[in-house]
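Input: a single structure, listed below in structure tokens.
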Amino acid sequence: MLDLKLIRDNADFVESQLARRNGDFSIRPIVEIDAKHRKAQAEWENLNRRRNEISTSFKTGKLAKEEMEALRKEASQAKEKQDAVNEERVKLEAELEQLLLGIPNLPASEVPDGKDENDNKEVSTWGTINSIKNPRHHYEIGTDLGIFDFERGVKVAESRFTVLMNWGAKFERALMNLMLDTHARKGYSEVFPPILVNRDCLVGTGQLPKFEGDYYKLADDELYLVPTAEVPVTNLYREETLDEEMLPILHCAYTPNFRREAGSAGKDTRGYIRQHQFNKVELVKFCTPETSEEEHEKLTRDAEAILEALNLPYRRVLLCSGDIGFCARKCYDLEVWFPAQGKYREISSCSNFGDFQARRAGLKYRPKDGGKARYIHTINGSGLAIGRALAAILENYQNEDGSVTVPDALVPYMGVKLIEAKQARVSV
RNA sequence: GGAGAGGUGGCUGAGUGGUCGAAAGCGGCUUCCUGCUAAGAAGUUGUACGGACAAAAUCUGUACCGAGGGUUCGAAUCCCUCCCUCUCCGCCA
């Protein structure tokens with residue numbers, strides 16, 4: 001959520017920054033309704049003051065009967081008028097809130113202008129792309145090795161659900177542990193949050209109200225399945241004022257993630273790249289405005305460290321103003337190399353939200369010098385998407401005989417160095 | 001899920017219609033006293049939003065006793081709905 005004062009006082013600036021994004025975001029209605037709302041509030045307060053005066057004169061006592069009756073009547077009428085004003089005020093307030101929640105964050109100045117992903121800027125690349133003769137797709141390799149069972153995933157749930165069998169299940173668990181262990185060593189404290197969250201959480205991190213249809217919602221309870229650990233972890237401190245000494249707070253969290261993938265019909269229909277349910281380790285930071293820039297860079301490096309540990313070629317991309325997420329002021333995507341597709345695919349998204357989420361979620365901190373509470377800055381990034389990491393490993397570590405070499409960093413977690421084509425079973 | 005109890009300031013806890021932004025204690029802050037420490041004395045002590053001021057300090061208005069609604073000239077206090085916590089019962093990994 002943007003600062004209403006900023007919108008009120010610098011409407012032109014805000015509008016010009018929003019224009020860099022993809023989409024049409026007008027703040028003029030907000031400015032208008034804000035003015036009306038403040039007028040209504042002033043009127044309501046004046047009426048209220050009069051009512052307070054009247055009731056005070058009652059408690060001081062010693063009023064003639066007629067006088068009391070007259071005042072009682074006046075107060076009743078004031079109340080009626082006040083109720084009418086208030087009805088309008090509440091309506092305006094709700095309208096203002098809804099409009100405000102629908103306005104995205106302003107892109108940071110260093111974010112390049114652009115329309116879509118074609119205008120994103122490659123910042124760096126890492127690793128060497130091995131030349132593989134006739135590279136096979138991860139889903140072909142995985143199916144042959146008995147790692148993925150796509151058909152039974154559909155039988156048990158529906159399309160875009162996959163069963164991980166045997167080494168697949170173990171691979172997923174090994175990746176999760178490698179990631180969490182690595183991040184823990186860098187100072188991230190591990191969290192295992194609820195996977196169902198209430199509506200306030202989704203509003204707090206910016207998924208709602210704008211993207212209502214994108215998430216799974218329970219029929220009988222006001223609860224949603226988390227689309228990312230970002231939601232429960234960021235909301236851990238919702239409506240709290242933390243001491244500056246506590247910052248920065250670094251958390252890492254594994255959760256399954258659930259997304260309806262509305263609007264991506266036909267995209268990545270084959271394979272394990274786009275699922276309704278997928279595993280992910282997420283990194284979340286809470287810090288002061290002064291350090292958020294630096295913490296964002298460090299967090300991105302921490303996500304990259306996993307790709308480097310797995311020796312997967314990747315590149316870092318700075319998203320342009322048209323491709324950046326709703327809440328983000330700046331975002332790096334990490335893209336891993338998929339040999340069979342012959343291109344880089346997103347495996348992590350590391351965003352700096354500034355105080356945008358903090359305003360929605362009421363995340364504040366009290367400065368050391370004891371001044372007024374200020375909004376925290378939030379940062380998060382995938383570290384990494386586990387399913388896509390598995391898919392990338394299968395493709396990048398495939399051998400001609402159909403076996404897959406286990407990346408060195410995963411050997412301690414897997415217990416084997418090679419997934420052999422013939423005996424695709426977890427040996428205990 | 002059923003029955004009962006309860007949700008008050010940073011914390012403990014009083015308050016059953018006006019004198020309550022709210023007693024008292026603890027904690028915090030300031031000052032004084034004491035050779036240091038310990039102890040003691042006095043004072044002070046919430047948040048949010050709006051207005052005044054060029055701005056800060058400050059002054060001022062309004063709201064806030066779990067949330068929302070109602071009764072009343074007036075609600076922490078009475079009524080209704082919801083949420084949460086605790087105890088007992090039931091169920092359960």
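Values in this document were obtained by computation on a predicted structure and should not be read as measured data. Excluded from the calculations below are hydrogen atoms, water molecules and symmetry mates; all remaining heavy atoms, backbone and side chain alike, are included. Residue numbers start from 1 in every chain, and the chains themselves are labelled A, B, ... in the order their sequence lines are given, proteins ahead of strands.
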Need the pair for [N]. Rule: Watson-Crick or G-U wobble, both distances under 3.5 Å, any strand; none if unpaired.
{"N": "B:rG40", "result": "B:rC32"}
{"N": "B:rU72", "result": "none"}
{"N": "B:rC64", "result": "B:rG46"}
{"N": "B:rG6", "result": "B:rC84"}
{"N": "B:rC20", "result": "none"}
{"N": "B:rU58", "result": "B:rA52"}
{"N": "B:rG90", "result": "none"}

Distance between [atom1] atoms of [N] and [M] (Å, rounded):
{"N": "B:rG46", "M": "B:rU30", "atom1": "P", "value": "15 Å"}
{"N": "B:rU45", "M": "B:rA22", "atom1": "C1'", "value": "14 Å"}
{"N": "B:rG10", "M": "B:rG18", "atom1": "P", "value": "25 Å"}
{"N": "B:rA54", "M": "B:rA14", "atom1": "P", "value": "50 Å"}
{"N": "B:rA5", "M": "B:rA93", "atom1": "C1'", "value": "29 Å"}
{"N": "B:rG9", "M": "B:rG61", "atom1": "P", "value": "25 Å"}
{"N": "B:rG74", "M": "B:rA56", "atom1": "C1'", "value": "38 Å"}
{"N": "B:rA38", "M": "B:rG27", "atom1": "P", "value": "14 Å"}

In whole angstrom, give the distance that lies between atom [atom1] of [X] and atom [atom2] of [N].
{"X": "A:Glu67", "N": "B:rC73", "atom1": "CD", "atom2": "C1'", "answer": "13 Å"}
{"X": "A:Met68", "N": "B:rC73", "atom1": "CE", "atom2": "P", "answer": "10 Å"}
{"X": "A:Glu240", "N": "B:rG10", "atom1": "CD", "atom2": "P", "answer": "13 Å"}
{"X": "A:Glu239", "N": "B:rA48", "atom1": "CD", "atom2": "C1'", "answer": "12 Å"}
{"X": "A:Arg50", "N": "B:rG61", "atom1": "CZ", "atom2": "P", "answer": "16 Å"}
{"X": "A:Gln77", "N": "B:rG74", "atom1": "CD", "atom2": "P", "answer": "13 Å"}
{"X": "A:Arg51", "N": "B:rA75", "atom1": "CZ", "atom2": "C1'", "answer": "11 Å"}
{"X": "A:Lys364", "N": "B:rA48", "atom1": "NZ", "atom2": "P", "answer": "5 Å"}

Charged N to carboxylate O below 4.0 Å: is that the case for [X] and [Y]?
{"X": "A:Lys5", "Y": "A:Asp9", "result": "no"}
{"X": "A:Glu15", "Y": "A:Arg28", "result": "yes"}
{"X": "A:Lys36", "Y": "A:Glu88", "result": "no"}
{"X": "A:Glu304", "Y": "A:Arg316", "result": "yes"}
{"X": "A:Arg388", "Y": "A:Glu335", "result": "no"}

Checklist entry - Which residue lies toward the 5' end of RNA chain B, A:Ala75 or A:Ala42, if each is placed at its nearest nucleotide? => result A:Ala42
Measure all distances between protein nitrogen or oxygen atoms and nitrogen or oxygen atoms of nucleotides 62-71 of chain B, and list the pairs falling under 3.5 Å.
from, atom 1, to, atom 2, distance (Å)
B:rU62, O3', A:Asn48, ND2, 2.9
B:rA63, OP1, A:Asn48, ND2, 2.5

Next on the checklist: For a quick check of understanding: with a heavy-atom distance under 4.0 Å over all strands, which category does A:Thr241 fall into, base, sugar-phosphate or nothing?
Outcome noted: nothing
Next on the checklist: Using the rule given for side-chain hydrogen bond (donor to acceptor under 3.5 Å, both in side chains), can you reason through A:Asp214 versus A:Gln207, listing the C-alpha separation, both sets of side-chain angles and the distance that settles it, and then say yes or no?
Outcome noted: CA-CA 9 Å; A:Asp214 291 359; A:Gln207 283 77 16; over 6 Å; no
Item to check | Phosphate OP1/OP2 of B:rG51 contacted by A:Arg38 side-chain N/O (<4.0 Å) | outcome: yes
Checklist entry - Do any side-chain nitrogens or oxygens of A:Lys39 fall under 4.0 Å of OP1 or OP2 in B:rG51? => result no
Item to check | Evaluation steps, salt bridge (charged side-chain N to carboxylate O under 4.0 Å, His left out), between A:Arg89 and A:Glu43 | outcome: CA-CA 10 Å; A:Arg89 207 208 96 237; A:Glu43 197 180 348; over 6 Å; no
Checklist entry - Mind checking whether A:Lys217 and A:Arg199 have side chains closer than 4.5 Å, heavy atoms only? => result no
Checklist entry - When you look at A:Glu294 and A:Lys285, which way does the salt bridge (charged side-chain N to carboxylate O under 4.0 Å, His left out) test go after all the steps? => result CA-CA 11 Å; A:Glu294 182 194 341; A:Lys285 283 188 180 185; over 6 Å; no
